[in-house]
S.K.: 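Here's a structure for you.
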Amino acid sequence: MDQSHASSPLAGAVHDLATEVVLALRSGDHLATVCGAAGIDEDNRTGIAAVRVIGADLLLPSVLHGHHPHPGDLAVLHRAVREFPPRPDASDATAWSHWGMMCALHRTAPATTSGQLPAAGTGEPDAAWLEGAPWQAFTHQLSVLAPLAVPAASSAVHRAAAHRVVDLSRGFVRAVRRRNWLQAAGAGRWLAGLDGRPDTLGLDRGLDFVELMGGTDPRVALHVRAARLMAEGRAL
């Protein structure tokens, strides 16, 4: 591991895991195990916590390349869902992130194992807080929830994003100007799959710049690569 990213065991594990997700996105290798490559299994407590941070993006290579995820990755994400449920006082973003992990499991797990997964639930977490949020806060929250930005998914968060594309575009530009590369990458990922972007936004070139400047953070590269793959399909 690059010691510059190992300020804590959890930070190092998140960095390594995000790096492996990016590699899998670039290669499209349906045989690859993201967790195994990062040295994470079901008994690695720090690794499980890192999976909770990465969230549904653990299975993103499978979602975007259209193949079943590695069984080991499913098992680890399943363990993260069980081990780190949102507390009663958890933030709305945390509740949505957990919901997204469960949905990712149900979307990608083979039919033979779907009965072993946690119930997907009949309702979504509350999303009313997004509707009235100022555009700056709206962009921040959408960037935190970037793992929900996947093709063919539908939720109240997706609908809020579709209704506030101009606000999200303003937030993307603001994040770039403030050199907040992770927020810019997350916002850009949402924008890549949405219609109605201002013609003057220049998202493609903006994402190139974000990737260049935020290159030391693999989470930035993860969102940028996801944005490019989704832009090819235009299917949010």
S.K.: For residues L168 and F172, determine if any side-chain heavy atom of one lies less than 4.5 Å from a side-chain heavy atom of the other.
M.R.: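 Heavy-atom side-chain distance check fails, nothing below 4.5 Å.
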S.K.: Quick one: closest heavy-atom pair of R219 and A18, and the distance?
M.R.: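 For R219 and A18, the tightest heavy-atom pair comes out as CG-CB, 3.9 Å.
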S.K.: Tell me which pairs pass ring-ring contact (aromatic ring centres under 6.0 Å, His included) where either residue lies in residues 137-156, with sequence neighbours left out.
M.R.: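 As it turns out, there is no ring-ring contact (aromatic ring centres under 6.0 Å, His included) pair with a partner in residues 137-156 once direct neighbours are skipped.
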S.K.: Is it true that, when you exclude R179 itself, more than 12 heavy atoms of the residues, nucleotides or ligands shown sit nearer than 6.0 Å to its CZ?
M.R.: no
S.K.: Applying side chain to side chain contact (heavy atoms under 4.5 Å, CB included), name anything that partners V22, two or more places apart in sequence or on another chain.
M.R.: R26, A221, L222
S.K.: For residues L59 and A104, report the shortest heavy-atom separation together with the two atoms involved.
M.R.: CD1-O, 3.8 Å
S.K.: Calculate, to the nearest 0.5 Å, the distance between atoms CG and NE2 belonging to L142 and H158 respectively.
M.R.: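 Going from the CG atom of L142 to the NE2 atom of H158 covers 9.5 Å.
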S.K.: How long is the straight-line distance from CZ of R197 back to CG of L203, given to the nearest 0.5 Å?
M.R.: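 Answer for the CG-CZ pair, L203 versus R197, is 5.0 Å.
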S.K.: Assigning hydrophobic clusters by single linkage (Ile, Leu, Val, Met, Phe, Trp, Tyr; side-chain heavy-atom cutoff under 4.5 Å), is L23 placed with L229?
M.R.: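 Hydrophobic grouping puts L23 apart from L229.
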S.K.: Are side-chain heavy atoms of E211 and W181 found at a separation under 4.5 Å?
M.R.: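 In short, these two side chains do not touch, never coming nearer than 4.5 Å.
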S.K.: Which heavy atom of M230 sits nearest to which heavy atom of P151, and what is that distance?
M.R.: SD-CD, 3.8 Å
S.K.: In the structure I gave you, are the side-chain heavy atoms of S155 and W99 within less than 4.5 Å of one another anywhere?
M.R.: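 In contact.
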S.K.: Would you call H70 and V34 a side-chain contact if the rule is heavy atoms closer than 4.5 Å?
M.R.: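 No - every pair of side-chain heavy atoms lies 4.5 Å or more apart.
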S.K.: Grab the two heavy atoms, one from A56 and one from M101, that are nearest each other, plus how far apart they are.
M.R.: N-CG, 3.7 Å
S.K.: Between side-chain atoms of residues 41-55 and protein atoms elsewhere (two or more places apart, or another chain), which donor-acceptor pairs fall under 3.5 Å?
M.R.:
residue, atom, partner, partner atom, Å
D41, OD1, D43, N, 2.9
D41, OD1, N44, N, 3.1
N44, OD1, T46, N, 3.2
N44, OD1, G47, N, 2.7
N44, ND2, G39, O, 3.4
R45, NH1, E83, OE1, 2.6
R52, NH1, S97, OG, 3.0
R52, NH2, T94, O, 3.3

S.K.: Would a 4.5 Å heavy-atom cut-off, applied to side chains only, mark T139 and R170 as touching?
M.R.: no
S.K.: What is the distance from atom CZ of R228 to atom CZ of R189, rounded to the nearest 0.5 Å?
M.R.: 13.5 Å
S.K.: Got a sec, which residues hit side chain to side chain contact (heavy atoms under 4.5 Å, CB included) with S169, two or more places apart in sequence or on another chain?
M.R.: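 S169 satisfies side chain to side chain contact (heavy atoms under 4.5 Å, CB included) with V165, L191, P198, L201 only.
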S.K.: Test of understanding: with side chain to side chain contact (heavy atoms under 4.5 Å, CB included), list the residues that count as partners of A185, not counting sequence neighbours.
M.R.: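 With neighbours one apart ignored, the set is V210, V220, H223, V224.
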S.K.: Does L74 offer a backbone N or O that forms a donor-acceptor pair with the side chain of H78 under 3.5 Å?
M.R.: no
S.K.: Considering non-hydrogen atoms only, spot the tightest contact between H15 and P218 and give its length.
M.R.: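 Shortest heavy-atom contact: CD2-CD, 3.3 Å.
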S.K.: Looking at D199, I want to see if its CG is surrounded by more than 12 non-hydrogen atoms of other residues, nucleotides or ligands under 6.0 Å.
M.R.: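 No, not enclosed.
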S.K.: Would you compute the distance between atom SG of C103 and atom CG of L148 and round it to the nearest 0.5 angstrom?
M.R.: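 Taking SG in C103 and CG in L148, the distance rounds to 8.0 Å.
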S.K.: So do S143 and L182 actually touch side chain to side chain, heavy atoms under 4.5 Å?
M.R.: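 When only atoms from C-beta onward are counted, S143 and L182 do not touch, as no gap falls below 4.5 Å.
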S.K.: Just to verify, what does S62 make a side chain to side chain contact (heavy atoms under 4.5 Å, CB included) with, not counting sequence neighbours?
M.R.: H67, P69
S.K.: Rounded to the nearest 0.5 Å, how far does CG of L130 lie from CH2 of W96?
M.R.: 8.0 Å
S.K.: Would D167 and R174 satisfy salt bridge (charged side-chain N to carboxylate O under 4.0 Å, His left out), going step by step from the backbone distance to the final call?
M.R.: CA-CA 10 Å; D167 282 346; R174 179 176 182 266; over 6 Å; no
S.K.: Quick one: does V21's side chain get under 4.5 Å of P61's, heavy atoms only?
M.R.: yes
S.K.: Do the side chains of W190 and W135 join up, straight or via other hydrophobic residues, at under 4.5 Å, putting them in one cluster?
M.R.: no
S.K.: Ignoring hydrogens and angles, tell me if any N or O in the side chain of D73 forms a donor-acceptor pair with the backbone of C35 under 3.5 Å.
M.R.: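 Here the side-chain-to-backbone pair exists.
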S.K.: Measuring from L25:CG to L60:CG, what's the distance to the nearest 0.5 Å?
M.R.: 5.0 Å
S.K.: Using the rule that two of Ile, Leu, Val, Met, Phe, Trp, Tyr join whenever any of their side-chain heavy atoms come within less than 4.5 Å, decide whether M102 and L58 are in one cluster.
M.R.: yes
